[in-house]
2 protein chains.
Amino acid sequence: MITVVIVEDVKEIREGLQLLIDGSEGFSCRQVFSNAEEAIEKLPDIYPDVVLMDINLPGINGIEAVRKLKNQCRKTQFIMSTVYEDDESIFESLKAGASGYLLKKTAPVKILDSITEVYNGGSPMSSQIARKVIASFQQKNTIDESELLTQREKEILKSLAKGLRYKEIAAELNIGLETVRTHTRNIYEKLQVQSRTEAINKIMRQ
Amino acid sequence: MITVVIVEDVKEIREGLQLLIDGSEGFSCRQVFSNAEEAIEKLPDIYPDVVLMDINLPGINGIEAVRKLKNQCRKTQFIMSTVYEDDESIFESLKAGASGYLLKKTAPVKILDSITEVYNGGSPMSSQIARKVIASFQQKNTIDESELLTQREKEILKSLAKGLRYKEIAAELNIGLETVRTHTRNIYEKLQVQSRTEAINKIMRQ
DNA sequence: TGCACAATCCCTAAAAAAGGGGATATATGA
DNA sequence: TCATATATCCCCTTTTTTAGGGATTGTGCA
């Protein structure tokens with residue numbers, strides 16, 4: 001029996017979901033909330049297996065709610081529910097701690113499938129959304145592959161990012177300490193930064 | 001017509017895939033390679049829609065191959081193929097530029113589906129793998145909330161991570177340089193690291 | 001009240017990193 | 001052939017960070 005809580009401000013949708021879940025074998029809707037504030041207060045006591053969380057809620061939105069709740073309800077899985085496939089919302093929700101994502105137009109049977117999947121350690125999402133998610137990974141490493149830096153410089157930078165000292169890098173790459181320093185200076189100049197940490201931030205963030 | 005290239009070192013699998021793709025309507029296998037080196041050299045000229053890339057190749061592995069090729073073949077989509085669901089390989093492949101992931105035991109029909117999906121802008125992967133992928137997003141925000149460090153120490157650490165110098169942090173937080181140094185030492189001890197970069201790595205990764 | 005802990009500051013010293021100046025060899029392409 | 005880029009190394013100096021040793025003020029808790 002998978003216990004579920006629904007957080008959704010639109011009455012019709014909320015009650016529709018509740019009927020669907022309570023009417024299906026193996027699922028039990030423990031409670032419904034129409035706003036995030038109330039859910040944040042009471043959810044830790046209910047501690048359900050799965051929460052269907054609307055993103056666009058009045059007041060505190062669903063993403064913030066997940067951020068707050070995921071810390072207290074570590075084992076509860078959150079599935080975000082929204083009308084549009086908005087990249088930024090998806091990404092922020094996942095970062096906040098959500099495990100999955102549902103469009104409101106999704107067929108009832110698919111909703112139950114998704115709940116079960118999340119409960120069993122999966123993360124249901126369309127392959128379109130999956131692509132967007134991994135796209136945001138890949139962006140991070142595009143500057144790493146930048147034309148700016150030579151192959152050797154990239155190697156040095158990678159080691160710098162690992163926190164290795166100059167002499168450790170020198171040993172690892174079998175080159176002299178001075179060579180490492182020279183490369184480092186060139187890297188800093190190309191990236192327009194003044195320190196190791198700035199360089200790492202620059203290649204990590206964008 | 002979706003053009004496909006296969007990179008796979010095991011002869012039986014390679015030829016099996018080729019037969020499958022050439023024998024299916026709407027698909028055309030332009031070329032097969034048994035190693036990454038040859039693929040890296042010749043793929044840019046073929047410029048196929050989709051590449052099925054084995055991860056475990058002799059010499060240069062599939063992940064490195066994707067890393068090199070994705071820069072030159074921006075529009076080509078890479079699907080990694082492997083025997084085991086290895087987290088690290090998955091993650092590295094996606095970072096390297098792959099769009100999807102297939103297990104070798106996958107049924108032939110599903111393979112064709114995946115190729116089509118990737119071609120159409122999706123990213124086929126099991127919901128189990130999707131969970132692993134988003135898990136690596138989420139980890140970043142957990143140690144930031146660590147019990148280990150005091151509020152002040154977290155603030156200092158955040159500034160350290162931004163690459164600010166001690167005196168800049170001191171100015172920002174309106175405290176003395178020595179105070180920043182003391183906090184930093186305490187942070188390093190608590191995190192069991194010896195340098196700024198190590199500390200940043202520790203809180204970023206886990 | 002006394003103790004632990006957090007936050008603040010000070011001193012000395014060594015290690016590491018950054019900023020500047022060069023140099024050489026090798027390959028690449030105009 | 002000459003210019004350019006890359007990778008390698010060496011010298012110098014200054015700044016920054018790390019590593020010890022302390023000390024003082026609050027605050028909260030037993």
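It should be emphasised that the depicted structure is a prediction, and the values quoted were computed from it without experimental measurement.
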Passing option when B/F33 is tested against B/I46, B/V51, B/L57 for side-chain contact (heavy atoms from CB on, under 4.5 Å): B/I46
Salt-bridge contact B/E172-B/K162 (side-chain N to carboxylate O under 4.0 Å): yes
Value in whole Å for how far the P atom of C/dA18 lies from CD of B/E168: 13 Å
Any donor-acceptor N/O pair under 3.5 Å between C/dA18 base and A/R181 side chain: yes
Nearest-nucleotide pick for A/T150, side chain only, options being D/dT6, D/dT8, D/dT18: D/dT6
Closest nucleotide among D/dA19, D/dT17, C/dA16 to the A/K167 side chain: C/dA16
Rounded distance in Å - CD1 (A/I187) to P (D/dT8): 12 Å
Atom-pair distance (CZ on B/R165; P on D/dT15), nearest Å: 12 Å
Atom-to-atom span, CD1 of B/I169 to C1' of D/dT17 - whole angstrom: 11 Å
Lys/Arg N to Asp/Glu carboxylate O, A/K104 vs A/D54, below 4.0 Å: yes
Atom-to-atom span, CG of B/L160 to P of D/dT18 - whole angstrom: 7 Å
Phosphate OP1/OP2 of D/dT18 contacted by B/Y188 side-chain N/O (<4.0 Å): yes
Touch class at under 4.0 angstrom, heavy-atom based, for A/R196 against every strand present: sugar-phosphate
N or O in side chain of B/R185 less than 4.0 angstrom from D/dT18 OP1/OP2: no
Note: B/E64-B/R67 ion pair, threshold 4.0 Å (strictly below): yes
Spacing between A/L173 atom CG and D/dA7 atom P, to the nearest angstrom: 11 Å
Separation of C/dA15 P from A/L177 CG (nearest whole Å): 14 Å
N/O (side chain, B/Y166) to phosphate O (OP1/OP2, D/dT18) under 4.0 Å: yes
Spacing of A/E189 atom CD relative to C/dG19 atom P, expressed in whole Å: 10 Å
N or O in side chain of B/T182 less than 4.0 angstrom from C/dC9 OP1/OP2: no
Residue mapping more 5' on DNA chain D - nearest nucleotide basis, B/G163 or A/E178: A/E178
Selection from C/dT8, D/dA7, C/dA16 that lies nearest to any side-chain heavy atom of B/T179: C/dT8
Salt bridge B/E155-B/K158, side-chain N to carboxylate O under 4.0 Å: no
